[in-house]
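The structure appears below as structure tokens.
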Number of protein chains: 4
Amino acid sequence: MSSELLKLTEKQKAILDAATDLFAEKGFAGTSTSEIAKKADVAEGTIFKHFKSKKGLLLSVISPMIKVIAPMVKKDLNKVFDKDFEEVEDLIREFIDNRTQFVVKNMTMFRVLIQEIPFHPELKEQFIEHISKDVVVRVREIIAHYQEKGQIGEMPIDSVIRIIVSTVFGHVIAKLLIIDEAEWDDKAELDRTIQFLMKGLAPE
Amino acid sequence: MSSELLKLTEKQKAILDAATDLFAEKGFAGTSTSEIAKKADVAEGTIFKHFKSKKGLLLSVISPMIKVIAPMVKKDLNKVFDKDFEEVEDLIREFIDNRTQFVVKNMTMFRVLIQEIPFHPELKEQFIEHISKDVVVRVREIIAHYQEKGQIGEMPIDSVIRIIVSTVFGHVIAKLLIIDEAEWDDKAELDRTIQFLMKGLAPE
Amino acid sequence: MSSELLKLTEKQKAILDAATDLFAEKGFAGTSTSEIAKKADVAEGTIFKHFKSKKGLLLSVISPMIKVIAPMVKKDLNKVFDKDFEEVEDLIREFIDNRTQFVVKNMTMFRVLIQEIPFHPELKEQFIEHISKDVVVRVREIIAHYQEKGQIGEMPIDSVIRIIVSTVFGHVIAKLLIIDEAEWDDKAELDRTIQFLMKGLAPE
Amino acid sequence: MSSELLKLTEKQKAILDAATDLFAEKGFAGTSTSEIAKKADVAEGTIFKHFKSKKGLLLSVISPMIKVIAPMVKKDLNKVFDKDFEEVEDLIREFIDNRTQFVVKNMTMFRVLIQEIPFHPELKEQFIEHISKDVVVRVREIIAHYQEKGQIGEMPIDSVIRIIVSTVFGHVIAKLLIIDEAEWDDKAELDRTIQFLMKGLAPE
DNA sequence: TATGAATGAGCTTTCATTCAT
DNA sequence: AATGAATGAAAGCTCATTCAT
């Protein structure tokens, strides 16, 4: 699936990939370590040698998602004031595009993340810690910036964030839920979502 | 939590309520029948007398959601051509309002539904069967109707549906995820969501 | 083996007896719950229904030993000042006799107790709590009493206790270790032990 | 801890010491080879290179105790007829003193020995083989010798042995069990034990 | 109808041991 | 000689489910 950056042995990668797939398909609690072992073609003991516990394995599946996404987001956001983006739309398009590419490449991992977050408070905390904490601060500044420039209508900043996030999230979740039976024209659909977002957020 | 409509004994209601809460909190696979029995203050055997199996219990938790919501939705939709709703906005407002009330009242049940749908194909089928099948057909007609009236911009009907659903879903999910720490002004937030939807969907 | 006093089901008794035998023979850590289940002719799950954990089972094996022995000891000790025992020897003989009978009847349980005490601090604490705390206080008074009467030589009271206990303990342990190959004439051996004790403790 | 006599590499010594400590603290069955490896700061495989199996490690921990103690005991005993000991007391004092020093120096090893003997028949056999077999024969002669000299009362020789051993054992075990919380004046206590032994064994 | 003791399959995890490096 | 990744059997324990009462 992914497993970039870190030095992982073949076995470790096999375990992570098997776990990712199975967690996505049947949920964390619904997957047994013996299934994972069988799918990864390793002995069951090997899983525990490397990941300590089943929960540890879940964390290892999810944490790259969190650790990798935050820096990517931050880098993009910083471009705003470098004048790389005169128009909000350009920012949002670029942003969704990059993020979507990443999410699509790691779709399964992402599915695990959003499926398991409700059941594991530590995950939620870790997520808030890494994503929200400083990203949100930065995003607030940027939205204020575009509101001043008159590209986004007057509305509480947090509501703007919520709307953007929920539109994008809704877009992605629809994609994830539909996925298999999809006759979903990704490009066109994305265009419409963005267009809709822009018009919806525009000042009167 | 709910358990309207049907004649259920006290014990049955207790079991359903306990199961709903626990499934929402820890997931279906993460909840044991003995936990449910303890929380409902009944013997373990009693659960199986009434609900056959753990899966049967899940279905019993979720099915009111599906069975009750569909007729409600249909009734609303029929009002459109009775001229009860001249403006899309009125329809959507009324619609979201009613549905939200219901969802909020049965939040926990709803959480179980959306959390478990990815893991149980039958649920998805049942959902599609009851909600999509004829509701979607009806909705398509209605959207076409408002597009003809010039209240919704030109766009593939299914995309409109997707956008509405994803906006509303995004709204609700945000609410569910945020819920506890929320200083979330529900009314205002809902207003903004609708306003945003209308502007976003309006013709050029 | 024993299991007096308490209302225990047949299964519970079977489990306790099997566990006692196996713990004595192979030690707590060296015995598996599946062995116990097989020997007790119950399902493995049944053990955990009743005793929560393997450790809980150990405690249930041992605690009667501790709970039953303390009251017995105290009762005997109280007789001293009721003039039931003019001579130390009578006390010690009666005491060892009663206790030995009990220990012999519950030899296996006792073996488990002394074998496992070094590995489970809570056991040691529980033992001290129940046996030592007030028994030792009482014993001190009694030894002082017999020292005043000139039947026990001058020596720190705690050393007297230690010597008595270690002699008796040594006696019992020898018995336990030898047990199977024993051509050990219990009565005569006990006589000699007591005689030896009396002479050894007598004043100059 | 010990590891005298034999040529052992640093690693081997480290393993033996770690094993001795852990076996004493948690018992043989309660200690895992990986714990030992960690404590000895070697790889898990190294243990098996040197000691073949976990059981082999136990034997290697215990055998010095048996192999070293027997010659020491025999040497002492031979002195009896060399007139080095006119009085039993001198013999016993010297004997306990030497042996106790050794046992104290190797307390942990000794604890392992007495804790594990009940669970490993080979150990018991080995012990009997090395200690009992010819030592006991020699001891019998010596006790007969002192009985003839009128320093030990008339009593079956084996009972005398048992009493001595159980007194000494009782003494040592008390020491081992009490050890940590001890305000135990070793010298005085030993004196009293010997005095008690002599008086108890003396002829009428 | 309701109970809860009993089950045994299956779960996560640990273990002693092996072997390629 | 020493390592530690890998193993798979077995450990302790939990589970959904059954059934005699």
Side-chain angles (χ1 to χ4, degrees), chain A residues 9-12 14-15 28-38 40-57, chain B residues 9-12 14-15 28-38 40-57, chain C residues 9-12 14-15 28-38 40-57, chain D residues 9-12 14-15 28-38 40-57:
Chain A
T9 69
E10 285 307 308
K11 302 253 170 198
Q12 281 170 317
I15 293 169
F28 172 74
T31 303
S32 76
T33 48
S34 82
E35 281 177 288
I36 298 171
K38 203 174 295 165
D41 202 38
V42 299
E44 212 166 340
T46 309
I47 294 177
F48 291 88
K49 265 270 149 69
H50 288 303
F51 303 96
K52 214 93 180 170
S53 70
K54 196 187 170 193
K55 189 82 170 246
L57 181 53
Chain B
T9 69
E10 284 307 308
K11 302 247 170 204
Q12 282 170 317
I15 292 169
F28 173 73
T31 303
S32 74
T33 49
S34 79
E35 278 177 288
I36 298 171
K38 202 177 296 164
D41 205 35
V42 300
E44 292 198 46
T46 308
I47 293 177
F48 291 86
K49 269 272 145 59
H50 288 302
F51 301 96
K52 210 93 179 171
S53 71
K54 195 188 171 193
K55 190 80 169 246
L57 181 52
Chain C
T9 69
E10 284 307 308
K11 301 251 170 201
Q12 280 169 318
I15 293 169
F28 173 74
T31 304
S32 76
T33 49
S34 81
E35 281 176 287
I36 298 171
K38 203 175 296 166
D41 202 39
V42 299
E44 210 166 340
T46 309
I47 293 177
F48 291 89
K49 265 270 151 70
H50 288 302
F51 301 95
K52 215 93 180 168
S53 70
K54 195 188 170 194
K55 189 80 170 247
L57 181 53
Chain D
T9 69
E10 284 307 307
K11 300 248 171 204
Q12 280 169 318
I15 292 170
F28 173 74
T31 303
S32 75
T33 48
S34 79
E35 279 177 288
I36 298 170
K38 201 177 297 163
D41 205 36
V42 300
E44 292 196 46
T46 309
I47 293 177
F48 291 87
K49 269 270 146 58
H50 289 302
F51 301 96
K52 208 93 179 171
S53 71
K54 195 188 171 192
K55 190 80 171 244
L57 182 52

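Convention: sequence-line order gives letters A, B, ...; per-chain numbering from 1.
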Rounded off to whole Å, could you give me the [atom1]-to-[atom2] distance for the [X] and [N] pair?
| X | N | atom1 | atom2 | result |
| --- | --- | --- | --- | --- |
| C:I36 | F:dA10 | CD1 | C1' | 15 Å |
| A:I15 | F:dA5 | CD1 | C1' | 11 Å |
| A:Q12 | F:dG4 | CD | P | 15 Å |
| C:L57 | F:dA11 | CG | C1' | 15 Å |
| C:I47 | F:dT14 | CD1 | P | 13 Å |

ask   = How does protein contact run along nucleotides 13-21 of chain E, one letter per nucleotide 5' to 3', with B for base contact, S for sugar-phosphate only, - for none, heavy atoms under 4.0 Å?
value = BBSBBB---
ask   = What's the spacing between C:I47 CD1 and C:K11 NZ if we round to 0.5 Å?
value = 11.5 Å
ask   = Which pair of non-hydrogen atoms, one from B:F28 and one from B:K54, has the smallest distance, and what is that distance?
value =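 Between these two residues, the closest heavy atoms are O-NZ, 3.0 Å.
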ask   = Which heavy atom in D:A40 sits nearest to a heavy atom in D:A14, and how many Å separate them?
value =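 Taking every non-hydrogen atom into account, CB-O, 3.5 Å.
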Distance-only donor-acceptor pairs under 3.5 Å for side chains of residues 29-37 of chain B, two or more places apart:
residue: B:T31; atom: OG1; partner: B:L22; partner atom: O; Å: 3.2
residue: B:T31; atom: OG1; partner: B:G27; partner atom: O; Å: 2.7
residue: B:S32; atom: OG; partner: B:S34; partner atom: OG; Å: 3.3
residue: B:S32; atom: OG; partner: B:E35; partner atom: N; Å: 3.2
residue: B:S32; atom: OG; partner: B:E35; partner atom: OE1; Å: 3.4
residue: B:E35; atom: OE1; partner: B:S32; partner atom: N; Å: 2.8
residue: B:E35; atom: OE2; partner: B:K26; partner atom: NZ; Å: 2.4

inquiry  = Taking the nucleotide of DNA chain F with the nearest heavy atom to each, does A:T9 or D:K11 sit closer to the 5' end?
reply    =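 Final value for this comparison: D:K11.
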inquiry  = Is there a side-chain contact between B:H50 and the phosphate of E:dT1, meaning an N or O under 4.0 Å from OP1 or OP2?
reply    =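 No.
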inquiry  = For Watson-Crick and G-U wobble pairs within 3.5 Å on both distances, what is DNA chain F written in dot-bracket notation, | included for inter-strand pairing?
reply    = .||||||||||||||||||||
task = Only one of D:T46, D:T9, D:D41 passes side-chain contact (heavy atoms from CB on, under 4.5 Å) with D:I15; say which it is.
result =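 When side-chain contact (heavy atoms from CB on, under 4.5 Å) is applied between D:I15 and each of D:T46, D:T9, D:D41, only D:T46 qualifies.
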